[in-house]
Protein chains: 2
Amino acid sequence: MTRGRRQAPVSKKISESAVRRLSLYLRTLEELDRAGQEMVSSEQLAAKSATTAAQVRKDLSLFGSFGKRGFGYTVEELGRALRDILGLTQPWRVALIGAGRIGSALFEYRGLTHRGFQIVAVFDCDPSKIGRKWGDSMIRDVAELERVVGDLDIQIAILAVPVEAVQGVMDQASRAGVRGVLNFAPRRLKVPAGVTVKDVNLVIELESLTFALSQGV
Amino acid sequence: MTRGRRQAPVSKKISESAVRRLSLYLRTLEELDRAGQEMVSSEQLAAKSATTAAQVRKDLSLFGSFGKRGFGYTVEELGRALRDILGLTQPWRVALIGAGRIGSALFEYRGLTHRGFQIVAVFDCDPSKIGRKWGDSMIRDVAELERVVGDLDIQIAILAVPVEAVQGVMDQASRAGVRGVLNFAPRRLKVPAGVTVKDVNLVIELESLTFALSQGV
DNA sequence: CTAGTATTGTGAAGGTTTTCACAAGCTGTG
DNA sequence: CACAGCTTGTGAAAACCTTCACAATACTAG
């Protein structure tokens, strides 16, 4: 073992919220890097990520020791470490399922490719859409999902289909070997073990907003 | 006080996650209602909402007592109670700021109006978009934001603008009297006290997904 | 080389959320 | 009416997460 950064203590269980903060830290670090800053303290990282210095240090300590006592963290080095922890050193190959409004917005969203998420295939079940060109890929029939996921080595699926269709599509996707899913339909999906799902649900966000607003009255 | 349901014990602090679960329960109840079911047990509600029966009962007990021992909850009555708690008895008037891809997808999204969120004004700063018709409203210049928010009695703003512009738009919105904000731009907003912000950030969702996937290896 | 300053990394304390387990209470039956 | 069966509502326990506080340590200046 070198005197450099230590690796993760053991495989502890990491909380969802800790992981989300790591993702925030990474964004902050990228901003600092663009601004040309080389070192950052837990204090500053916390201020820019809306948390506390102790929380930052605790979160990082779950994975190792990345700073220098008395001086803080190297922006670039900590960024690399976080990318490593979050699994962002490889590019991820993503299937977008559903070429409606949400699908279209996601397809155009630059933030995804910029972070290493490549949408390598788009699917729909509407015959009037299948065959149309989006960017330089073509909208495919969702019936081909199983074959294409294998052929293109796709690991992640984004489900942007109507709620009635989503469980069926999910079943196809998991049979095809997709291991991670970002689900925009407002239904809790049943998935086999080994498949991870994250839900994005605007109504829940809005309702937690209206709850807060009504409380405040 | 009648022998009916009791009201909230006192004004305790309610956790964000509890509120989000209430929103989930409400959706489950609406599904059950459409299916014609009249009663539901905490057990069943939990199964359909991906949590535990004890959690359901604890969450509800934060606000009062809505069930009948030995029999469970009346689907319709509990639904009404949850709508009341979440502040959904009034319709909410929403401004959509940003008429790009995301804005467009949100504008078309039926789920919002269905839940009582009315998009009563759309704004952009791109002169080529201002004046265009979307549905039966017109895209307005974001410079008019302050006046229109007052005139139309808007309480909530959805920010679907580029990250560089978002803090400026937020400042305008809070000056205009908006009290709740759903922010799609990947930047933590600074807001005056009394304004509540919820962030929606796809990159964080995807990165917590890739974290899980890389761990699983 | 030593003293001084700054900031990390981390056990322990404190706080919050979830789970457990059971008394309380409702309804149908005999 | 009394009893049996079932499910709620809720204190108490357990698990989990955040904050505190300080020893360890890296670097700079003298």
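Numbered from 1 within each chain, the chains take letters A, B, ... in sequence-line order.
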Quick one: is D:dG9 close enough that its OP1 or OP2 comes under 4.0 Å of any side-chain N or O from B:Tyr73?
yes
N/O (side chain, B:Ser65) to phosphate O (OP1/OP2, D:dG9) under 4.0 Å
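B:Ser65 to D:dG9 OP1/OP2: side-chain N or O found under 4.0 Å.
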Output yes when [X] and [Y] qualify as a salt bridge under the 4.0 Å nitrogen-oxygen rule, no when they do not.
| X | Y | answer |
| --- | --- | --- |
| A:Glu76 | A:Arg80 | yes |
| A:Arg20 | A:Glu16 | yes |
| B:Glu77 | B:Lys68 | no |

Take atom [atom1] of [X] and atom [atom2] of [N], then tell me their distance rounded to the nearest Å.
| X | N | atom1 | atom2 | answer |
| --- | --- | --- | --- | --- |
| B:Leu60 | D:dT8 | CG | C1' | 10 Å |
| A:Phe66 | D:dT25 | CZ | P | 18 Å |
| B:Phe71 | D:dG9 | CZ | P | 14 Å |
| A:Met39 | C:dT7 | CE | C1' | 10 Å |
| A:Glu43 | C:dT5 | CD | C1' | 16 Å |
| B:Ile14 | C:dT16 | CD1 | P | 13 Å |
| A:Glu77 | C:dT8 | CD | P | 14 Å |
| A:Leu62 | C:dG11 | CG | P | 12 Å |

Minimum-distance nucleotide to [X] side chain [options: [options]]:
| X | options | answer |
| --- | --- | --- |
| A:Thr52 | C:dT8, D:dT19, C:dA21 | D:dT19 |
| A:Lys58 | D:dT25, D:dC16, D:dT19 | D:dT19 |
| B:Gln55 | C:dG9, C:dT19, C:dT16 | C:dT19 |
| A:Ser41 | C:dT8, C:dT19, D:dG9 | C:dT8 |
| B:Ser61 | D:dT25, C:dT17, D:dG9 | D:dG9 |

What class does the angle between the rings of A:Phe211 and B:Phe63 fall in, given that below 30° is parallel, 30 to 60° is tilted and above 60° is perpendicular?
perpendicular
Donor + acceptor pair across side chains of B:Arg101, A:Ser104 (<3.5 Å):
yes
Any donor and acceptor pair, going by atom type alone, linking the side chain of A:Ser174 with main-chain N or O of A:Asp171 inside 3.5 Å?
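Flag set: sc A:Ser174 to bb A:Asp171 pair under 3.5 Å.
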Ignoring hydrogens and angles, answer whether the base of C:dT8 and the side-chain atoms of A:Arg69 contain a donor-acceptor pair closer than 3.5 Å.
yes
The salt bridge (charged side-chain N to carboxylate O under 4.0 Å, His left out) partners of B:Arg115 (sequence neighbours excluded) come to A:Glu207, B:Glu30
Hey, can you pull the residues of residues 28-38 of chain A with a non-hydrogen atom under 4.0 angstrom from DNA chain C?
none
With nearest nucleotide decided by heavy atoms, which residue, A:Lys68 or A:Arg57, maps closer to the 5′ end of DNA chain D?
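Mapping each residue to its closest nucleotide by heavy atoms, the 5'-most match is A:Arg57.
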